[in-house]
2 protein chains.
Amino acid sequence: MANETALDAIGNATRRTMLTILHDGEHTVGQLTDVLPVTQSAISQHMRVLREAGLVNVREVGRRRLYSVDLGGLADVRAWVDGFWDDVLAAYVSHANQTASNPES
Amino acid sequence: MANETALDAIGNATRRTMLTILHDGEHTVGQLTDVLPVTQSAISQHMRVLREAGLVNVREVGRRRLYSVDLGGLADVRAWVDGFWDDVLAAYVSHANQTASNPES
DNA sequence: CCTAATCATTAGCGAAATCTTATGGATAGC
DNA sequence: GCTATCCATAAGATTTCGCTAATGATTAGG
């Protein structure tokens, strides 16, 4: 049932903010540290979680690491949500039909 | 930017399982307690989180409460993920075009 | 009424998550 | 080489989270 690690990873406000910052392209750890109210260490640790969840990619350039959004992990999240959405809708419609032909609360 | 409470709420495996059980219609707290390896108290507490996140609805019938999936909260999650996805794709394409007309790593 | 059933809520505890500080490794630049 | 920069990692403190146990409120049923 997809990779639920990604769902756990985005279940944190700081990491979501990080992803939002990354949404327009590559950024270094230092750039995120300048913007966010946590230390560089915290950023690196969050990046590891995002990386292991397949939500970000790293590209090493000299002594800095450029992080960017990985659509792979995001696809896992989408798959879960969309699949769930469809199932609920289907059940809802099925129930509506059933109660229409057999009215009772 | 939508309701991020829902994203926090689904960032937990037990709550995701609960939602999965609810996906085909209404269920009582007792029914979930029978299936899941936690106490009734834990179920009720998770339900509160899901309710406050707009992910479930409650319907009181006698002394029991029937919970069902609320598509509203789920729409928030979808909006966040889909919007994010589109932005990333747009930035990716934009960057691709830019580097194509001005080649440099 | 009296009891059982159903669920919410509170209090408290252990575990896990998040953060900071400290340190080390690697690269850049002089 | 030497130093500064950039980042990861380790260690430890603190906060948050998820859970259980206990209790109370409400309703159903004899």
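In what follows, chains carry the letters A, B, and so on, assigned in the order in which the sequence lines appear, proteins first and then strands, with residues in each chain numbered from 1. Note that the structure is a prediction, hence the values are computed from the model and not measured.
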Derivation and outcome, side-chain contact (heavy atoms from CB on, under 4.5 Å), residues B/Leu22 and B/Val56: CA-CA 9 Å; B/Leu22 292 184; B/Val56 297; 3.8 Å; yes
Could you walk me through whether B/Arg59 and B/Val61 pass side-chain contact (heavy atoms from CB on, under 4.5 Å), step by step? CA-CA 6 Å; B/Arg59 190 166 68 94; B/Val61 175; 3.9 Å; yes
Touch class at under 4.0 angstrom, heavy-atom based, for A/Arg51 against every strand present: nothing
Donor-acceptor pair under 3.5 Å: do we get one between A/Gln45's side chain and the base of C/dT20? yes
Does a distance-only test, which skips hydrogens and angles, find a donor-acceptor pair under 3.5 Å between the side chain of A/Ser41 and the base of D/dT9? yes
For a quick test of reading the model, state the closest non-hydrogen atom pair linking B/Leu36 to B/Ile43 and the distance between them. CD1-CD1, 3.6 Å
Round to the nearest Å and state the distance from A/Met47 atom CE to C/dA17 atom P. 19 Å
B/Leu36 has an atom CG; how far is it from atom P of D/dG18, in whole Å? 14 Å
Side chain of A/Val38 only, please: which of D/dC19, C/dT20, C/dA8 is the nearest? C/dT20
When you check the phosphate oxygens OP1 and OP2 of C/dA8, does a side-chain N or O of B/Tyr67 lie under 4.0 Å from one of them? yes
What is the distance, to the nearest angstrom, from the CZ atom on A/Arg15 to the P atom on C/dA17? 9 Å
Given atom NE2 of B/His27 and atom P of C/dC7, what is their separation to the nearest angstrom? 13 Å
Quick one: A/Ile43 CD1 to C/dC19 P, roughly how many Å, whole number? 8 Å
Does atom CZ (A/Arg51) have a neighbourhood of more than 12 heavy atoms from anything else shown, all under 6.0 Å? yes
Write down the distance between CG (B/Leu32) and P (D/dC19), rounded to a whole number of angstrom. 13 Å
Closer to the 5' end of DNA chain C via nearest nucleotide, is it A/Val61 or A/Gly11? A/Gly11
Polar side-chain contact A/Gln40-D/dT9 base: donor and acceptor under 3.5 Å: no
Please state whether the phosphate of C/dA17, meaning OP1 or OP2, lies under 4.0 angstrom from any side-chain nitrogen or oxygen of A/Asn12. no
Phosphate OP1/OP2 of C/dC19 contacted by A/Thr39 side-chain N/O (<4.0 Å): no
Starting at atom NE2 of B/His46, determine the distance to atom C1' of C/dT9, rounded to an integer number of angstrom. 15 Å
A/Asp8 and B/Gly11: which non-hydrogen atoms are nearest, and at how many Å? OD1-O, 3.4 Å
Tell me if the side-chain of B/Arg63 makes a donor-acceptor pair with the base of D/dT26, cut-off 3.5 Å, by modelled atom types. no
In whole Å, I'd like the distance from the CZ atom of A/Arg64 to the P atom of D/dC7. 7 Å
